Amino acid sequence: MSTVIPFPTQVLDQALADDDQRQALRAMLRYLHREMSDTNLPTTAAAIALAMQALDHEWPE
């Protein structure tokens, strides 16, 4: 069983206002997605992929 802890959106909104922060978040998510895919954790990898899609949708490069 897993628990999802919501990320504080206020902090995320502030971080995403800065382009460098968005790039760092994208890089971190790509890294985590690759690691989760390599360790055979498909549910976690799928959740990270959704986060990357949401980031790209709201803040395109």
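For reference, positions follow the sequence shown, starting with 1. None of the values given here were measured: they were computed from a predicted structure.
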Legend entry - Spacing of CG belonging to Leu25 relative to CZ belonging to Arg30, to within rounding of 0.5 Å: 10.0 Å

Inset, instruction - Go through the structure and list residues passing side-chain contact (heavy atoms from CB on, under 4.5 Å) with Thr39, not counting sequence neighbours. - result: Met36, Leu41

Legend entry - Exercise: identify the closest heavy-atom pair between His33 and Ala45: CD2-O, 3.0 Å

Inset, instruction - Determine the minimum heavy-atom distance between Leu32 and Ile48, stating which atoms define it. - result: CB-CD1, 3.7 Å

